[in-house]
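Below: the structure, in structure tokens.
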Amino acid sequence: MQPFARQCFLPVVLLAAACTPHPEGPAVVYSADTSRAAYSQLPGSLDYVTTAVRQMGEPPLVGAKLRPGTTVIRFVWARSFHPYVAVRFVMEPKQCAVMATEMTAEQTLWGTPDSTGLSEAIGTTPGKIIRQDSVPLLAGDCKAMRTTLERLGLWQVKSRTPGGLDGSDWRFERVDANGYTFVQWWSPNAQEGHQLWSAGLALLKMANALPSGPRELY
């Protein structure tokens with residue numbers, strides 16, 4: 001991964017509950033560049049998904065500064081007809097946590113119809129965050145998730161150029177001592193792109209963010 005310019009670096013410290021059952025345990029901490037320019041470093045990204053990541057308050061993981069032994073994994077699920085979901089899984093040697101954010105998609109604003117009844121897009125309204133919280137994890141749950149993701153071979157999957165009329169963008173990112181990794185598909189399923197499908201469902205379940213009905217899972 002090549003270094004990138006940081007003309008406006010604004011470090012932010014991100015906290016999450018520890019995986020120990022004791023509330024006084026140390027918090028998971030790392031820092032990342034949250035300048036607007038940093039979001040443009042995401043590879044192969046759809047502009048509207050990158051905008052949603054920023055609006056959800058999710059930091060860019062490219063170039064994040066980590067404590068030794070820390071791994072951060074994020075799944076962003078951007079659907080055509082349902083709220084977007086971001087699940088961020090932070091693992092340190094002795095603790096871990098998962099953060100979940102759900103946000104409605106941005107809405108297009110249309111101008112006054114012309115004589116033919118057609119309107120032009122004149123802008124957008126940002127999405128609205130409808131859930132943002134942390135889910136504490138026990139050490140056993142953290143280890144099980146790490147094992148699941150490694151078994152799936154998620155990071156060996158080759159990204160596909162996303163896009164389609166209706167569907168969803170499934171974006172996975174990982175940053176650790178070895179650098180940054182990214183994989184992205186458009187609407188994987190249990191047969192095609194099953195590694196991403198299985199990993200996404202596992203992370204959604206861990207974050208208590210699985211959809212309430214089967215029509216929302218796509």
Side-chain angles (χ1 to χ4, degrees), residues 1-6 8-35 37-43 45 50 53-54 56-77 85-101 132-157 159 170-184 195-196 198-209:
M1 179 179 66
Q2 297 296 321
F4 57 91
R6 298 182 184 177
C8 180
F9 179 78
L10 175 61
V12 60
V13 177
L14 302 136
L15 306 177
C19 67
T20 170
H22 304 294
E24 68 274 12
V28 176
V29 180
Y30 68 95
S31 62
D33 181 359
T34 57
S35 65
Y39 290 91
S40 66
Q41 302 299 321
L42 292 175
S45 298
T50 300
V53 170
R54 187 174 70 247
M56 285 192 284
E58 280 291 318
L61 297 185
V62 179
K65 296 181 178 181
L66 310 176
R67 287 178 175 175
T70 300
T71 298
V72 181
I73 293 173
R74 180 167 61 207
F75 169 45
V76 176
W77 188 30
V85 181
V87 177
R88 182 157 33 102
F89 182 33
V90 183
M91 296 171 283
E92 291 199 317
K94 296 183 179 180
Q95 57 187 9
C96 63
V98 61
M99 284 134 280
T101 301
Q132 194 166 43
D133 56 32
S134 298
V135 179
L137 294 178
L138 298 176
D141 296 331
C142 183
K143 182 179 180 180
M145 178 55 63
R146 183 192 294 267
T147 300
T148 295
L149 296 176
E150 291 176 353
R151 174 178 53 80
L152 288 170
L154 174 65
W155 309 110
Q156 283 70 55
V157 177
S159 289
W170 294 50
R171 173 190 296 184
F172 296 84
E173 300 170 87
R174 174 186 175 124
V175 62
D176 57 19
N178 297 318
Y180 176 83
T181 307
F182 175 93
V183 61
Q184 179 175 243
Q195 299 98 325
L196 284 75
S198 298
L201 265 59
L203 289 165
L204 289 170
K205 182 177 180 180
M206 182 179 66
N208 295 326

>> So, applying side-chain contact (heavy atoms from CB on, under 4.5 Å) with V87, which one of N208, V76, I73, V98 is it?
In response: V98
>> Can you give me the closest heavy-atom contact between A97 and L137, atom names plus distance?
In response: C-CD1, 4.1 Å
> Going through the distances and angles, do M206 and L204 end up as a side-chain contact (heavy atoms from CB on, under 4.5 Å)?
Replying inline: CA-CA 5 Å; M206 182 179 66; L204 289 170; over 6 Å; no
> Salt bridge between D141 and K143, side-chain N to carboxylate O under 4.0 Å?
Replying inline: no
> Quick one: CG on L201 to CZ on F75, what's the gap to the nearest 0.5 Å?
Replying inline: 8.0 Å
> Are the side chains of V90 and R88 in touch, meaning some heavy atoms are under 4.5 Å apart?
Replying inline: yes
> Which atom names give the shortest non-hydrogen contact between L196 and Q184, and what distance separates them?
Replying inline: CD2-C, 4.3 Å
>> To the nearest 0.5 Å, what is the distance between CD on E173 and OG1 on T181?
In response: 10.0 Å
> Can you name the nearest heavy-atom pair linking F182 to R171, along with the distance?
Replying inline: CE1-CG, 3.5 Å
> Of the options R146, R151, M145, which is the one that meets L149 in a side-chain contact (heavy atoms from CB on, under 4.5 Å)?
Replying inline: M145
> Between F172 and W170, what is the ring plane arrangement, given parallel below 30°, perpendicular above 60°, and tilted in between?
Replying inline: tilted
> Do any N or O atoms from the side chain of Q132 and from the backbone of M56 form a donor-acceptor pair under 3.5 angstrom?
Replying inline: yes
> Are F89 and V72 close enough, and set up right, to give a side-chain contact (heavy atoms from CB on, under 4.5 Å), and what steps lead you there?
Replying inline: CA-CA 6 Å; F89 182 33; V72 181; over 6 Å; no
> Do you know which two heavy atoms are closest between L138 and C96, and how far apart they sit?
Replying inline: O-SG, 4.4 Å
> How close do P93 and G69 get, heavy atom to heavy atom, and via which atoms?
Replying inline: CD-O, 3.7 Å
>> Measuring from atom CG of D176 to atom CG of L61, what distance do you get when rounded to the nearest 0.5 angstrom?
In response: 11.0 Å
>> Under a plain distance cut-off of 3.5 Å, with no hydrogens placed, do E92 and T70 share a side-chain donor-acceptor pair?
In response: yes
> Between R74 and P60, what is the shortest heavy-atom contact and its length?
Replying inline: NH2-CA, 4.2 Å
> Under 3.5 Å, side chain of T71 to main-chain N/O of M91, donor-acceptor pair present?
Replying inline: no
